[in-house]
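First comes the structure, then the notes that go with it.
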Amino acid sequence: MSYQHLQQITAPTPGSELARALLTTAGERQLFINGEYTPGSSGEYIDTCDPATGQVLARISNASAADIDRAVAAARNALSGPWASMTPIERSTLLIRIAEKIEAHIDELAELEILDQGKAWAVARWAEIPAAANQFRYFAGQAMSIEGRTITTSVNYQPQGKQVQAWTVREPVGVVAAITPWNSPLVLTAMKLAPAFAAGCSVVLKPAELTSLSALRLCELIHEAGLPAGVLNVITGDGRTAGAALAAHPGVDKVAFTGSTATGRAVLAASGSNLKRVTLELGGKSPAIVLPDAELDITIPGVANGIFFNGGQVCVANSRAYIHRSIFDQVVEGIADYGRNMQLGHGLDQATQMGPLVSKAQADRVLSFIDGAKRDGASVLCGGEQLGPNGTFITPTVITGTRNDMPVHCDEVFGPVLVAEPYDDIDEAIAWANDSEYGLAGSLWTRDLSSAQRLSRAVKAGTVWINTHSMFDASLPIGGMKQSGYGRESGQLAMDNYLEWKTICAVV
Ligand code: NAD
């Protein structure tokens with residue numbers, strides 16, 4: 001594949017007015033507090049760029065601690081306003097209306113996400129934006145399924161003629177700080193907002209500074225759908241100041257964080273100030289284990305897609321592959337061929353299969369892992385190039401001959417880089433898979449479903465896929481073991497993040 005076209009890359013004209021305006025005006029975007037746009041008190045702005053070309057799309061407000069105070073106060077206030085008296089069916093109807101709004105603006109939201117993050121058209125338009133809408137549809141159902149229990153006690157000291165009756169109820173946890181990363185901005189935001197609204201919480205959302213535009217647009221659509229003012233507030237800005245102030249704020253009851261393990265640790269430490277509830281969806285280094293009987297027509301594209309989808313900027317990406325030695329050469333060559341044939345380009349060009357990485361800094365970081373692997377004696381089978389006018393494209397890369405103490409093998413690269421190694425014995429492959437500080441996900445590729453079932457229990461990870469990887473659905477809980485975090489998003493379990501249990505015990 002020749003990549004000449006990347007040197008002069010320009011953004012094709014988007015279909016939506018909103019995306020066209022970004023390419024012509026690079027305007028300032030304000031914070032959204034208590035139902036309206038409001039300027040940040042610092043007067044500072046941060047440029048947000050199209051990573052493919054480096055063109056500035058907009059300037060987002062850099063929120064100060066005083067802005068966080070205002071947003072948290074608005075969210076706290078909203079908990080005693082009309083939001084508190086909405087019935088489950090009213091919240092459920094609102095969530096369906098939000099899903100419909102997303103679906104009605106699907107092309108526009110996809111274009112925003114492509115311009116701001118660098119996604120390929122198909123990734124944004126056909127995978128992530130529909131998945132964001134589905135989160136709201138799924139949690140519309142959950143809003144109407146909030147239940148407590150009645151409890152039969154053994155208490156025997158009630159006054160004569162009286163009875164003890166006890167039951168539990170679920171109550172919203174309160175003000176939620178939702179902090180999101182840059183790799184899949186809209187869908188990861190939806191994974192927090194949908195269950196928080198279903199439970200009756202209010203939210204202060206802090207999107208990643210590199211990719212805040214779709215969160216601001218989603219916020220407008222959510223208010224058009226009828227969310228009362230103050231229930232959702234969007235604070236943009238730098239993570240180390242705005243994010244840190246939000247994570248530490250005493251008016252926040254719960255932090256729902258998705259991002260790197262290092263930042264997760266800082267968020268957890270900050271939450272100690274008032275013992276906030278915390279869920280952490282963090283990094284990963286997920287293994288794909290290919291057994292000798294794997295169906296190669298499915299396995300080769302499946303493992304390739306598991307690492308190259310969204311340029312490898314996926315928390316669950318299978319960045320390690322352990323392949324049985326008897327089929328190693330065939331599988332690894334097949335994955336390398338898949339990578340070599342991928343069309344790289346601007347995400348607004350519908351022929352593009354992989355766009356740029358989110359920033360030059362991220363591309364430099366990914367390249368440094370590849371260079372380090374070469375220095376350590378590993379072989380780069382394909383890829384390993386940094387391209388584009390802005391240096392943000394990294395070609396799909398497959399590396400062999402690594403050891404598990406090399407950074408490329410054990411650290412989260414978060415780019416289109418697969419390390420692949422042969423194994424002889426399945427127990428050895430499972431031991432390598434588990435030899436990681438992360439435990440987010442993994443996959444097994446085999447025709448033998450009884451082996452797969454047994455081995456799925458041996459892989460230490462929050463999700464194990466069989467003959468697929470990165471398969472998401474609003475009904476499937478996702479989250480990590482070990483240093484990939486704790487708590488689960490999506491699925492019924494996610495409601496527990498946003499609801500407290502209250503026990504009521506009465507003598508009647
Ligand atoms: P990051 O940790 O740098 O930033 C995440 C968010 O935290 C951003 O909004 C950032 O502004 C904010 N932030 C930064 N410092 C902060 C602080 N001290 N206090 C509070 N907030 C702060 O992560 P990133 O580079 O944006 O995203 C990539 C990471 O996210 C990868 O490690 C990836 O694996 C992880 N991720 C995990 C999941 C999952 O579900 N487990 C999903 C997607 C991404």
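All figures in this text were calculated on a predicted structure; none of them were measured in a lab. Order of listing sets the numbers, starting from 1, for every ligand and every atom in it.
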*Identity and distance of the protein heavy atom lying nearest atom 35 (C) of ligand 1*: Gly259 O, 3.1 Å
*Tell me: protein heavy atom nearest atom 36 (N) of ligand 1, and distance?*
Cys315 CB, 3.6 Å
*Which atoms from ligand 1 have a heavy atom of Val267 less than 4.0 Å away?*
19 (N), 20 (C)
*Nearest heavy atom to atom 18 (N) of ligand 1 wins, so pick from Ala177, Ala244, Ala317.*
Ala244
_Under 4.0 Å from a heavy atom of Lys206: which atoms of ligand 1 are those, numbered in the order shown and with their elements?_
9 (O), 10 (C), 11 (O)
*Hey, does the Lys NZ or Arg CZ of Lys254 hover above the aromatic six-ring of Tyr498, less than 6.0 Å from the centre and inside 45° of the axis?*
yes
*Do Tyr37 and Arg29 have side-chain heavy atoms sitting under 4.5 Å apart?*
yes
*For atom 26 (O) of ligand 1, what's the nearest protein heavy atom and its distance?*
Trp182 CD1, 2.9 Å
_Check against ring pair (Phe, Tyr, Trp, His ring centres under 6.0 Å), Tyr322 and Trp445_ = CA-CA 10 Å; Tyr322 302 120; Trp445 300 81; over 10 Å; no
*Among protein heavy atoms, which lies nearest atom 32 (O) of ligand 1, and at what distance?*
Glu412 OE1, 2.5 Å
*May I ask you to list the atoms of ligand 1 that are less than 4.0 angstrom from any heavy atom of Leu440?*
41 (N)
_Residue and atom name of the nearest protein heavy atom (relative to atom 12 (C) of ligand 1), distance in Å to one decimal_ = Ile179 CG2, 3.7 Å
*Does the pair Asn183 and Val358 meet the rule for a side chain to side chain contact (heavy atoms under 4.5 Å, CB included), with working shown?*
CA-CA 8 Å; Asn183 59 317; Val358 73; over 6 Å; no
*Atoms in ligand 1 with a heavy atom of Asn183 nearer than 4.0 Å*: 43 (C), 44 (C)
*Among protein heavy atoms, which lies nearest atom 28 (C) of ligand 1, and at what distance?*
Phe414 CE2, 3.6 Å
*Minimum non-hydrogen distance to atom 5 (C) of ligand 1, winning option of Thr258, Leu280, Asp238, Val314*: Thr258
*Specify the protein heavy atom at minimum distance from atom 9 (O) of ligand 1: its residue, its atom name, and the distance to 0.1 Å.*
Thr180 O, 2.7 Å
*Could you list which atoms of ligand 1 come closer than 4.0 Å to a heavy atom of Gly283?*
32 (O), 34 (O)
_Sidechain N-carboxylate O distance under 4.0 Å for Lys276, Asp253_ = no
*Can you tell which part of Thr261 has a heavy atom less than 4.0 Å from ligand 1: side chain, backbone, both or neither?*
neither
*For ligand 1, is there an atom lying under 4.0 Å from some heavy atom of Pro207?*
yes
*Mark up the atoms of ligand 1 that fall under 4.0 Å of a heavy atom belonging to Gly243, in ascending order.*
19 (N), 20 (C), 21 (N)
*Can you tell if the side chain of Glu108 reaches within under 4.5 Å of the side chain of Arg217, non-hydrogen atoms only?*
yes
*asked:* Ring-plane angle category for Phe32 and His223, please: parallel below 30°, perpendicular beyond 60°, tilted otherwise.
replied: tilted
*Going by heavy atoms in the side chains, are Lys119 and Ser184 under 4.5 Å from each other?*
yes
_For a salt bridge (Lys or Arg N to Asp or Glu O under 4.0 Å) check, start with the C-alpha distance between Arg137 and Glu103, then their side-chain angles and the critical distance, and finish with the verdict._
CA-CA 11 Å; Arg137 287 196 180 280; Glu103 285 155 357; 2.7 Å; yes
*asked:* Please list, in number order, the atoms of ligand 1 under 4.0 Å from a heavy atom of Ala208.
replied: 8 (C), 9 (O)
*asked:* Is any side-chain heavy atom of Asp496 closer than 4.5 Å to one of Arg488?
replied: no
*Counting both backbone and side chain atoms, is some N or O of Thr263 under 3.5 Å from an N or O of ligand 1?*
yes
*To the nearest 0.5 Å, what is the distance between CG (Leu357) and CD (Gln313)?*
4.5 Å
*asked:* My understanding is that only one of Thr395, Asp364, Thr392, Asp371 makes a side-chain hydrogen bond (donor to acceptor under 3.5 Å, both in side chains) with Gln386; could you say which?
replied: Asp364
*Ile478 near ligand 1 by a heavy-atom separation under 4.0 Å*: no
*What protein heavy atom sits nearest atom 41 (N) of ligand 1, and how far away is it?*
Leu282 O, 2.7 Å
*Report, in ascending order of atom number, the atoms of ligand 1 lying under 4.0 Å from any heavy atom of Ser260.*
1 (P), 2 (O), 23 (O), 29 (C), 30 (O), 32 (O)
*Specify the closest pair of heavy atoms between Val314 and Ser470, including all atoms of both residues, with the distance to one decimal.*
CG1-OG, 4.4 Å
